[in-house]
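So the structure is just underneath, and the comments pick up after that.
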Amino acid sequence: MASRLGDLVAAGLVFGGVLAGAAEPAVALDPATGDPAAGEKVFRKCQACHAIGPDAKSKTGPALTGIIGRPAGKTEGFSYSTAMSKVAETGLVWTPDKIGEFLTNPKGFLPGTKMTFAGLRKDQERADLIAYLAKFP
């Protein structure tokens, strides 16, 4: 009985910590933690609007070559939303963490964005996509 009670207390602490937000994210959004090959597959969800690579041109969305470390709203020749232009003025830089936040819920991260994509809810998909994006400095 005491062992079972101990198990219940331990489970309560684990689940209580998760529910209280005390747990660390499952996957850090460092490009080194993602799989670029898997990220290339995730990028298929993006390629209708975005291109990446040495000869990439903007489509409905800006070209994503060199996105990591780039200031937001700074792709030449692309017409950004007013919301993106305003946040660009604040100095937002597309770090892996900021890209991850944006990709989780684009409209939640930046209300007024033109990006209609609903987002990537899975940590691993975002980490993989960021690792893929990092291949194109």
Side-chain angles (χ1 to χ4, degrees):
M1 179 78 163
S3 175
R4 190 164 188 209
L5 180 59
D7 290 345
L8 290 173
V9 170
L13 289 172
V14 169
F15 287 114
V18 171
L19 293 174
E24 291 295 315
V27 177
L29 292 176
D30 178 345
T33 65
D35 175 2
E40 184 174 11
K41 291 177 184 172
V42 176
F43 188 75
R44 292 178 189 158
K45 298 176 182 183
C46 313
Q47 67 187 9
C49 298
H50 297 280
I52 195 164
D55 299 322
K57 304 260 186 280
S58 292
K59 299 178 175 184
T60 305
L64 297 177
T65 306
I67 188 70
I68 295 178
R70 181 169 72 204
K74 300 294 181 188
T75 299
E76 278 193 45
F78 186 77
S79 177
Y80 287 94
S81 66
T82 302
M84 184 62 77
S85 296
K86 284 184 179 180
V87 79
E89 292 173 9
T90 69
L92 174 66
V93 173
W94 289 123
T95 63
D97 285 339
K98 289 297 178 189
I99 293 170
E101 287 178 47
F102 182 68
L103 290 174
T104 300
N105 180 357
K107 292 206 181 281
F109 180 86
L110 184 62
T113 183
K114 291 194 295 188
M115 190 157 138
T116 59
F117 184 65
L120 296 171
R121 302 290 186 247
K122 296 179 182 174
D123 289 343
Q124 190 62 52
E125 280 190 330
R126 290 191 311 275
D128 292 344
L129 180 58
I130 290 166
Y132 177 68
L133 296 174
K135 288 180 50 177
F136 300 95

**Prompt:** Nearest 0.5 Å, what's the CG-CZ distance between L92 and F109?
**Reply:** 5.0 Å

**Fill in**
Interatomic distance, CG@L129 vs CD@E40, rounded to 0.5 Å, equals 11.0 Å

**Message:** How about NZ on K59, more than 12 heavy atoms from neighbouring residues, nucleotides or ligands closer than 6.0 Å, or not?
**Reply:** yes

**Spacing of E76 atom CD and K74 atom NZ [to the nearest 0.5 Å]** = 10.5 Å

**Request:** Would you indicate whether the side-chain heavy atoms of Q47 and L64 approach each other to under 4.5 Å?
**Result:** no

**Atom pair OG1 (T33) and CG (D128), whose distance is rounded to the nearest 0.5 Å** = 8.0 Å

**Item:** Closest heavy-atom pair and its distance - K135, P137
**Value:** O-CD, 3.2 Å

**Message:** Once you measure the plane-to-plane angle for F43 and Y132, does it fall in the parallel (<30°), tilted (30-60°) or perpendicular (>60°) bin?
**Reply:** tilted

**Message:** Could you measure the distance from the NE2 atom of H50 to the CD1 atom of I67? Nearest 0.5 Å is fine.
**Reply:** 8.5 Å

**Prompt:** How about K45 and L120: do any of their side-chain heavy atoms sit closer than 4.5 Å?
**Reply:** yes

**Distance-minimising heavy-atom pair for G119 and P106** = CA-CD, 3.8 Å

**Under 3.5 Å side-chain donor-acceptor pair for R126 and T104** = yes

**Message:** Would you say that K107 contacts M115 through its side chain, given a criterion of any heavy-atom pair below 4.5 Å between the two side chains?
**Reply:** no

**Request:** For the residue pair L133 and I52, establish whether any side-chain heavy-atom pair is separated by less than 4.5 Å.
**Result:** yes

**Request:** Please determine if K98 and E101 form a salt bridge, counting it only when a charged side-chain N lies under 4.0 Å from a carboxylate O.
**Result:** yes

**Message:** Quick one, K114 and S79 - any side-chain contact, counting heavy atoms below 4.5 Å?
**Reply:** yes

**Message:** Counting C-beta onward and ignoring hydrogens, is there a side-chain heavy-atom pair between T75 and S58 closer than 4.5 Å?
**Reply:** yes

**Asked** If you measure only the distance, is there a donor-acceptor pair under 3.5 Å linking the side chains of T113 and Y80?
**Response** no

**Asked** Heavy atoms, side chains only, cut-off 4.5 Å: are P96 and I68 in contact?
**Response** yes

**Prompt:** How close do R70 and T65 get, heavy atom to heavy atom, and via which atoms?
**Reply:** NH1-O, 2.9 Å

